[in-house]
Undergrad: 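Take this structure, written in structure tokens, and hold onto it; I'll ask about it next.
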Amino acid sequence: MYVVQCMSGKEADVQSKIFSQGYTARVPAAVRLERCGGKWLDRLRVLMPGYVFVDSPMHDELYHSVKGVDGVIRWLNPGRPEALCEDEITFIRRLTANNEPVPPVDIETKPHLKIHSGPLAGLEHTIVEFRRRQHRIRMRVTVLGEEHTVFLSANFRETPSERH
């Protein structure tokens, strides 16, 4: 899997054009709970704006055809694109399972941090912060050895001691 940098906001267009060329492209997205006008609304948000992940072995035809797609700025590590490591590939595939956006994470913080369901179950070690009032968690993600932060919506479970 390789990474293409594209114009922010054009990720879906770039993804569909890469699909139309016969390659698999992934754009991690999530349903984010956002407060608007006093109500919590579900909004679809791209998790890594400006990046599209191309899930295909590298060859000259892929390199040149994707580079020519409208909206693509460059391959990351231009000249000789670098493949993601196996852990990074697994994480991106989990985020983009069935090409569906990640739903809000069902999480418990006490007595131990635990994600109960969804594609991120078992990835508690990547959580660096949680914000109950904003219904968000912040996860640490590594792409090509560089650390990034991703915010996801979360439904926090109450423990018996918190109900009082």
Side-chain angles (χ1 to χ4, degrees), residues 1-20 24-55 69-76 84-85 87-164:
M1 186 179 300
Y2 298 87
V3 187
V4 171
Q5 185 178 13
C6 67
M7 295 169 55
S8 191
K10 300 287 185 182
E11 298 88 0
D13 293 340
V14 169
Q15 179 186 28
S16 68
K17 289 174 185 172
I18 292 171
F19 272 141
S20 71
T24 301
R26 299 173 182 271
V27 176
V31 174
R32 186 173 293 165
L33 297 169
E34 294 181 359
R35 191 117 171 128
C36 183
K39 297 178 185 173
W40 287 99
L41 303 174
D42 291 342
R43 304 277 171 109
L44 183 63
R45 299 287 183 222
V46 174
L47 292 176
M48 298 175 179
Y51 296 101
V52 175
F53 297 85
V54 181
D55 199 354
V69 169
D70 285 340
V72 169
I73 297 170
R74 66 185 178 104
W75 287 93
L76 285 193
L84 299 177
C85 73
D87 289 343
E88 295 168 343
I89 292 171
T90 301
F91 185 76
I92 297 299
R93 285 181 177 159
R94 285 178 85 168
L95 283 178
T96 59
N98 301 322
N99 212 20
E100 294 288 325
V102 176
V105 177
D106 190 17
I107 190 169
E108 186 175 321
T109 57
K110 294 179 183 176
H112 303 288
L113 189 60
K114 174 128 178 87
I115 298 174
H116 287 278
S117 62
L120 302 176
L123 295 176
E124 292 84 3
H125 65 282
T126 63
I127 297 174
V128 293
E129 178 184 19
F130 52 90
R131 301 174 181 175
R132 284 181 180 274
R133 285 188 66 161
Q134 295 175 343
H135 295 269
R136 297 238 170 93
I137 59 172
R138 184 167 61 108
M139 299 183 85
R140 181 184 62 247
V141 179
T142 305
V143 176
L144 293 174
E146 190 174 315
E147 202 168 280
H148 297 271
T149 299
V150 173
F151 286 94
L152 294 166
S153 287
N155 295 315
F156 292 94
R157 286 190 177 184
E158 281 188 25
T159 59
S161 64
E162 292 176 309
R163 291 186 190 136
H164 300 318

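In this text the structure is predicted, and so the values were computed from the model without any measurement.
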Undergrad: To the closest 0.5 Å, what do you measure between CZ (Arg132) and CG (Asn155)?
TA: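 With rounding to 0.5 Å, CZ (Arg132) is 11.5 Å from CG (Asn155).
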
Undergrad: Quick one: side-chain hydrogen bond (donor to acceptor under 3.5 Å, both in side chains) partners of Arg26, sequence neighbours excluded?
TA: Asp55, Thr96

Undergrad: Run the numbers on Asn99 and Phe19 for side chain to side chain contact (heavy atoms under 4.5 Å, CB included), then give the verdict.
TA: CA-CA 12 Å; Asn99 212 20; Phe19 272 141; 4.0 Å; yes

Undergrad: Run the numbers on Val141 and Phe91 for side chain to side chain contact (heavy atoms under 4.5 Å, CB included), then give the verdict.
TA: CA-CA 8 Å; Val141 179; Phe91 185 76; 3.5 Å; yes

Undergrad: Which pair of non-hydrogen atoms, one from Ala30 and one from Leu47, has the smallest distance, and what is that distance?
TA: CB-CD2, 3.7 Å

Undergrad: Rounded to the nearest 0.5 Å, how far apart are NZ of Lys114 and CG of Asp106?
TA: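 The CG atom of Asp106 is 10.5 Å from NZ of Lys114, to the nearest 0.5 Å.
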
Undergrad: Return the minimal non-hydrogen interatomic distance between Ile127 and Ile137, and the atom names on each side.
TA: CD1-CD1, 4.0 Å

Undergrad: Which pairs pass side-chain hydrogen bond (donor to acceptor under 3.5 Å, both in side chains) with one or both residues in residues 2-13, sequence neighbours excluded?
TA: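 Qualifying pairs: Gln5-Arg74.
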
Undergrad: Report, one line per pair, each donor and acceptor closer than 3.5 Å where one atom sits in a side chain of residues 146-153; sequence neighbours left out.
TA:
residue : atom : partner : partner atom : Å
Ser153  : OG   : Leu33   : N            : 2.5

Undergrad: To check you understand the geometry: which heavy-atom pair defines the closest contact between Val52 and Val14, and what is its length?
TA: CG2-CG1, 4.0 Å

Undergrad: Report the distance from atom CG of Leu95 to atom CZ of Phe53, rounding to the nearest 0.5 Å.
TA: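 It is 8.5 Å, given to the nearest 0.5 Å.
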
Undergrad: Tell me, which pairs form a side-chain hydrogen bond (donor to acceptor under 3.5 Å, both in side chains) where one or both residues lie in residues 36-45, sequence neighbours left out?
TA: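 Listed once each, the pairs are Glu34-Arg45.
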
Undergrad: For residues 118-129, which residue pairs qualify under side-chain hydrogen bond (donor to acceptor under 3.5 Å, both in side chains), counting only residues two or more places apart or in two chains?
TA: Glu129-Arg131, Glu129-Arg138

Undergrad: Val4 pairs by side-chain contact (heavy atoms from CB on, under 4.5 Å) with which of Val72, Ile73, Leu76?
TA: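 Single side-chain contact (heavy atoms from CB on, under 4.5 Å) partner of Val4 among Val72, Ile73, Leu76: Val72.
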
Undergrad: Residues two or more places apart in sequence or in another chain: which of them pass side chain to side chain contact (heavy atoms under 4.5 Å, CB included) with Arg94?
TA: Thr90, Leu123

Undergrad: Working to the nearest 0.5 angstrom, can you tell me the gap between Leu41 CG and Arg35 CZ?
TA: 9.5 Å

